[in-house]
Amino acid sequence: MRLATWNVNSIRTRVDRVVAFLERSGTDVLAMQETKCRDEQFPALAFEAAGYEVVHHGLNQWNGVAVASRVGISDVEVGFPGMPTWGDPAAAEARALGVTCDGVRVWSLYVPNGRAVGDPHYVYKLEWMAALRDAAGAWLTDDPDAQIALVGDWNIAPRDEDVWDISLFTGATHVSEPERAAFRALEDVGFTEVTRQHVEQYTYWDYQQLRFPRNEGMRIDFVQASPELAAHVVGAQIDRDERKGKAPSDHVPVIVDLG
DNA sequence: ATGACCATGTCGCATGGA
């Protein structure tokens, strides 16, 4: 099975590109983030015409997560147990969607940005990551053999080499030690990031300042796999071509092949 | 060329992204 994750930065702007990617790449299951629309606005017909079922969770023009699959979708779950809320009045945001596709539990995740170290959004980000660790750890405790993929835009660069110039990120969000510790904490409960051993490239380049032509990017999109799933990973890649041409997302697809 | 922000709602400009 070929599994991919992609922050599409608006599915309505990008739907033709996304469906073309699915058909060209032979992706069976695609987790999407930042769809930026409500459920009734999601262009489901384009996916269905290409042979994919699609499940979407979006509440407004912010966030939004989805999964498209041509190998079935079942057991849809909106948000994970204990997921923190945001705002006044406090409400869950559209940042997590769990589905089962051909025996693999896939979570499409859009981790809060954080904005700046110390900002309330940053505190929320760390709480969100801690709650995810607790929930995911409990899933593995309940079923150590479960095939679980936590995929998406983590908004964390776990290593210095995951940004083009670490000296420009002093004191910035995405590279702070608490964020990196929160990412590593998933390893403490049994998960393994499975793309790094196969991929060295960035997954995101800002639209501004020629970041892409200069390859000044960040690596913030990852796949955390349970032990049973990690054992089935036979390869991983990014599709750098998806950052080129007309109207690209600022992120590229991250692809994992399961044998 | 891989090229000098882009998306939303709303219609002049605020908000969010990283």
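Chain identifiers are assigned alphabetically (A, B, ...) following the order of the sequence lines, protein sequences preceding nucleic acid strands; residue numbering begins at 1 within each chain.
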K.L.:
Donor-acceptor check, side chain of A:R243 to backbone of A:F212, threshold 3.5 angstrom: yes or no?
P.N.:
no
K.L.:
Could you check how far CZ of A:F212 sits from C1' of B:dG3, rounded to whole Å?
P.N.:
11 Å
K.L.:
For A:S249 and A:Y204, does a side-chain donor sit closer than 3.5 Å to a side-chain acceptor?
P.N.:
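The criterion, which ignores hydrogens and geometry beyond distance, is not satisfied for A:Y204 and A:S249.
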K.L.:
Report yes if at least one side-chain N or O of A:H251 is closer than 4.0 Å to OP1 or OP2 of B:dA18; otherwise report no.
P.N.:
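For B:dA18, OP1 or OP2 has a side-chain N or O of A:H251 closer than 4.0 Å.
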K.L.:
With the side chain of A:K244 defined as its heavy atoms from C-beta on, choose the nearest nucleotide among B:dG9, B:dT2, B:dA18.
P.N.:
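Nearest listed nucleotide: B:dT2.
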K.L.:
With rounding to the closest Å, how many angstrom separate the P atoms on B:dT2 and B:dG16?
P.N.:
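It works out to 34 Å between them.
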K.L.:
What integer distance in Å separates A:R211:CZ from B:dC5:C1'?
P.N.:
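About 11 Å, once rounded to whole Å.
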K.L.:
Between A:Y110 and B:dA18, does any side-chain N or O lie under 4.0 Å from OP1 or OP2?
P.N.:
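Answer is yes, contact under 4.0 Å.
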K.L.:
Using a 4.0 Å heavy-atom cut-off across all strands, classify A:Q33 as base, sugar-phosphate, or nothing.
P.N.:
nothing
K.L.:
Go through B:dG9, B:dA7, B:dA18 for me and flag the one nearest to the A:Q61 side chain.
P.N.:
B:dG9
K.L.:
Please give, in whole Å, the distance from B:dA7 C1' to A:N60 CG?
P.N.:
13 Å
K.L.:
Can you tell me the distance, in whole Å, between the CG atom of A:D239 and the P atom of B:dT2?
P.N.:
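Those two atoms, CG and P, are 14 Å apart.
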K.L.:
Measure from the side-chain heavy atoms of A:Q209 and tell me the nearest of B:dC5, B:dA18, B:dG16.
P.N.:
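Comparing B:dC5, B:dA18, B:dG16 against the side chain of A:Q209, the answer is B:dC5.
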K.L.:
Could you check if a side-chain atom of A:W154 sits within less than 4.5 angstrom of a side-chain atom of A:E179, using non-hydrogen atoms only?
P.N.:
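The answer is no, as the side chains (C-beta and beyond) never meet within the 4.5 Å cut-off.
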K.L.:
Can A:R70 and A:E53 be counted as an ion pair, charged N to O under 4.0 angstrom?
P.N.:
no
K.L.:
Round to a whole Å and report the spacing from CG of A:N63 to C1' of B:dG17.
P.N.:
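Spelled out: CG on A:N63 to C1' on B:dG17 is 11 Å.
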K.L.:
Does a side-chain N or O of A:S249 approach OP1 or OP2 of B:dA7 to a distance below 4.0 Å, or not?
P.N.:
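For B:dA7, neither OP1 nor OP2 has a side-chain N or O of A:S249 closer than 4.0 Å.
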K.L.:
For the pair made of CH2 in A:W62 and C1' in B:dA14, what is the distance, rounded to whole Å?
P.N.:
9 Å
K.L.:
So does A:S10 get a side-chain nitrogen or oxygen closer than 4.0 Å to the phosphate oxygens (OP1/OP2) of B:dT8?
P.N.:
yes
K.L.:
In whole angstrom, what separates A:K246's NZ from B:dC6's P?
P.N.:
12 Å
K.L.:
Side chain of A:R240: nearest nucleotide among B:dG16, B:dG17, B:dT2?
P.N.:
B:dT2
K.L.:
Under 4.0 Å between any heavy atoms, over every strand shown, what does A:D153 touch: base, sugar-phosphate, or nothing? Just pick one.
P.N.:
sugar-phosphate
K.L.:
From C-beta outward on A:H174, which listed nucleotide comes closest to its side chain: B:dC6, B:dA18, B:dT2?
P.N.:
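That would be B:dA18.
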K.L.:
Please pick, from B:dT15, B:dA18, B:dT2, the nucleotide with the shortest atom-to-atom distance to any side-chain atom of A:P213.
P.N.:
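Nearest nucleotide to the side chain: B:dT2.
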K.L.:
Tell me what A:R115 touches on the nucleic acid: a base, only sugar-phosphate, or nothing, going by heavy atoms under 4.0 Å.
P.N.:
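The residue A:R115 makes sugar-phosphate contact but no base contact.
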K.L.:
Just grab all the salt bridge (charged side-chain N to carboxylate O under 4.0 Å, His left out) pairs involving residues 108-122 of chain A, residues at least two apart or on different chains.
P.N.:
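Counting only pairs at least two positions apart or across chains, no salt bridge (charged side-chain N to carboxylate O under 4.0 Å, His left out) contact touches residues 108-122 of chain A.
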K.L.:
Classify A:Q208 by what it touches in the nucleic acid, base, sugar-phosphate, or nothing, heavy-atom distance under 4.0 Å.
P.N.:
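The answer is base, as A:Q208 lies within the cut-off (heavy atoms under 4.0 Å) of a base atom.
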K.L.:
When the P atoms of B:dT15 and B:dT10 are considered, how many whole Å apart are they?
P.N.:
14 Å
K.L.:
From C-beta outward on A:R12, which listed nucleotide comes closest to its side chain: B:dT2, B:dC5, B:dG9?
P.N.:
B:dG9
K.L.:
For the residue pair A:W86 and A:H121, categorise the inter-ring angle as parallel (less than 30°), tilted (30 to 60°) or perpendicular (more than 60°).
P.N.:
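Ring orientation of A:W86 relative to A:H121: tilted.
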K.L.:
Closest nucleotide of DNA chain B for A:R14 versus for A:L210: which of these residues is on the 5' side?
P.N.:
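In this pair, the answer is A:L210.
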K.L.:
On DNA chain B, check which nucleotide each of A:V111 and A:G245 is closest to and give me the residue with the more 5' one.
P.N.:
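Residue closer to the 5' terminus by nearest nucleotide: A:G245.
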K.L.:
Considering only atom C1', compute the distance from B:dA18 to B:dA7 and round it to an integer number of Å.
P.N.:
14 Å
K.L.:
Rounded to whole Å, how long is the line connecting atom CZ of A:R95 with atom C1' of B:dG16?
P.N.:
10 Å
K.L.:
I'd like the C1' distance from B:dA4 over to B:dT8, given in whole Å.
P.N.:
23 Å
K.L.:
Taking only residues two or more places apart in sequence, or in another chain, which ones meet A:D239 in a side chain to side chain donor-acceptor pair (under 3.5 Å)?
P.N.:
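Per chain and number, A:D239 pairs via side chain to side chain donor-acceptor pair (under 3.5 Å) with A:R24.
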K.L.:
Tell me whether the OP1 or OP2 atom of B:dC6 has a side-chain N or O from A:N9 closer than 4.0 Å.
P.N.:
no
K.L.:
Under 4.0 Å, heavy atoms only, any strand: does A:D250 hit a base, just the sugar-phosphate, or nothing?
P.N.:
nothing
K.L.:
Looking at every strand, decide which applies to A:F169 at a 4.0 Å heavy-atom threshold: base, sugar-phosphate, or nothing.
P.N.:
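Result for A:F169 = nothing.
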